[in-house]
Amino acid sequence: MSPAQSATSASVTVFASPGSWIESSAVAQCHQVATLNGMIHVAGMPDLHPGKGAPIGAAMASTVLYPFLVGSDIGCGIAVYPVRLKKAVPERVAARFPDLDQPVDPASRSGEDIPAGYTEQLGTVGRGNHFVELARVDAVLDGEHAARLGLTTGDLVLIVHSGSRGLGERILRAHTEVHGAGAAADPAAYLAAHDDAVRWGHLNRRLMAERVADAIGAQLGEPVTDVCHNSVEIRDGVYLHRKGAAPGDGHDVLIAGTRGTHSYLVAGHAGPDAGHSVAHGAGRKMSRADALRRGRAKHTVEELRRTAVGSLVVCGDRQLLFEEAPTAYKRIEQVIGDLVSYGLATPIVSTLPVVTYKTADLAPRRGGRR
DNA sequence: ATGTAC
């Protein structure tokens, strides 16, 4: 490329109002990415926060394919499955949740579309910000759209946030060991592996929805959305990388709040300036280390397990409970408000958690009562 | 977010 081009930096637009606090290092990461060879445009979402090398909550368009801009959890996304359940008492539902750290037995699922090659973690949720949540539609915000999706106030849904587990990590590592943060040497080969991980992620979320519905005695419907927020696609002839950003052009997307606040199902209508994308969640306000340190001083384990909205959090890992405390995240209403004010999305319904599953409870329940 | 090393 010419020296003139190498001196040019791609455009950076951050879709956050002045009142929305964005960590300066995350904006700096956007500008760092903008200097990469071939980069055209970087769009930061209102949930933008610093990641490892690349920002989280960004869509990045480039003539060059960079695997590290998708990250290791290729195919991570959020699905919403309507469920029917007679009674949703948090304690009873929480006690019946299956152990989602244990994989499904592929042999028990003959006839299904189980991919060959990587079955050892199928049906598992993973860690970090991943979860499976029984939630209730709290408010209908666009009646016509909600009716089209068959959703109304009081309806129960399963929200599944997970990805491709070790498979995506393996794909990124295979690239990184040779090329580091460089471009994909064989874009077609990377894309083929990437697409496998995206399919694996969708299947993983569906298997978890089925497992949980079975275990809690719920009837499972077809998903109203299942959109992946770590991916790359060829769009307008260039590579559009998304890391913590969901395709927001004509898709309905669940934007996750925290384990103790609302989440929002929105209709995305983002244009090219926004990288055809919308936010994927509330966005971290604190690093995991800060959340752990400050959370221990501020919260009890009990208040994190039984939230202010009356929901239960199933999580036998105390460190994870603090790292994922609602106070470690930005206010989801601020993120949704920014998307609305920039014309990127329209809220359809809000949900509130009933039971959020993070990882199996440690000690067996006492007294034997279920 | 992840598997692996400390």
Side-chain angles (χ1 to χ4, degrees), chain A residues 23 25-26 29 33 45 47-58 60 66-79 100-103 117-133 159-181 190 193-194 196-205 207-208 227-232 241-246 255-256 258-259 279-292 315-325 328-329 356-360:
Chain A
E23 203 168 326
S25 62
Q29 281 184 332
V33 166
M45 298 292 116
D47 59 341
L48 185 72
H49 58 284
K52 195 184 165 189
I56 300 168
M60 298 155 281
Y66 293 101
F68 89 102
L69 295 184
V70 176
S72 65
D73 198 4
I74 305 162
C76 187
I78 302 182
L100 296 175
D101 300 321
Q102 298 299 320
Y118 195 81
T119 56
E120 53 262 45
Q121 291 182 307
L122 260 180
T124 64
V125 64
R127 290 289 170 110
N129 59 359
H130 291 174
F131 64 86
V132 179
E133 180 171 284
I159 303 173
V160 185
H161 179 192
S162 187
S164 61
R165 310 289 283 104
L167 177 59
E169 195 273 339
R170 181 190 292 184
I171 293 165
L172 179 65
R173 185 154 37 85
H175 168 83
T176 308
E177 278 173 355
V178 184
H179 304 287
Y190 172 82
H194 162 282
D196 276 345
V198 168
R199 279 191 290 273
W200 201 100
H202 282 295
L203 176 62
N204 194 35
R205 292 187 286 277
L207 290 175
M208 276 187 279
V227 175
C228 153
H229 50 236
N230 292 343
S231 68
V232 59
H241 311 74
R242 291 186 175 96
K243 189 173 178 69
I255 303 183
T258 70
R259 299 335 98 227
H280 80 311
R284 293 199 75 85
K285 185 168 71 182
M286 293 175 209
S287 68
R288 293 188 174 275
D290 280 353
L292 187 59
C315 184
D317 180 337
R318 289 177 173 224
Q319 178 172 328
L320 185 59
L321 207 49
F322 285 110
E323 288 175 355
E324 290 290 310
Y329 284 85
T356 307
Y357 180 98
K358 295 289 294 176
T359 187

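By convention in this document, chain letters (A, B, ...) are assigned in the order of the sequence lines, proteins followed by strands, and residues within each chain are numbered from 1.
- In this structure, the CG atom of A:Asn204 is 14 Å from the C1' atom of B:dT2, given to the nearest Å.
- Contact check, A:Arg165 against B:dT2: a side-chain N or O comes under 4.0 Å of OP1 or OP2.
- If you take CG of A:Leu172 and P of B:dT2, they are 13 Å apart, rounded to a whole angstrom.
- With rounding to whole Å, A:Tyr118 atom OH is found 6 Å from B:dG3 atom P.
- Atom P of nucleotide B:dT2 and atom CD of A:Glu177 are separated by 18 Å, given to the nearest angstrom.
- A:Asp73 has its CG atom 10 Å from the P atom of B:dG3, to the nearest Å.
- Shown are A:Leu100, A:Asp101, A:Thr124; of these, the side-chain contact (heavy atoms from CB on, under 4.5 Å) with A:Thr359 is made only by A:Asp101.
- OP1 or OP2 of B:dT2 has not a single side-chain nitrogen or oxygen of A:Gln121 nearer than 4.0 Å.
- At whole-Å resolution of the value, CD1 in A:Ile171 and C1' in B:dG3 are 15 Å apart.
- Within the cation-pi definition used here (under 6.0 Å to the ring centroid, within 45° of the axis), A:Arg259 qualifies as a partner of A:Phe131.
- Between A:His194 and A:Ser231, the shortest heavy-atom contact is NE2-CA, 3.4 Å.
- What separates CZ of A:Arg173 from C1' of B:dT2 is a distance of 9 Å, to the nearest Å.
- For the pairing with A:Lys243, the side-chain contact (heavy atoms from CB on, under 4.5 Å) check across A:His229, A:Met60, A:Met45 returns one residue only, A:Met60.
- Atom-to-atom, CD of A:Gln319 to P of B:dT2 comes out at 15 Å; the value is rounded to the nearest Å.
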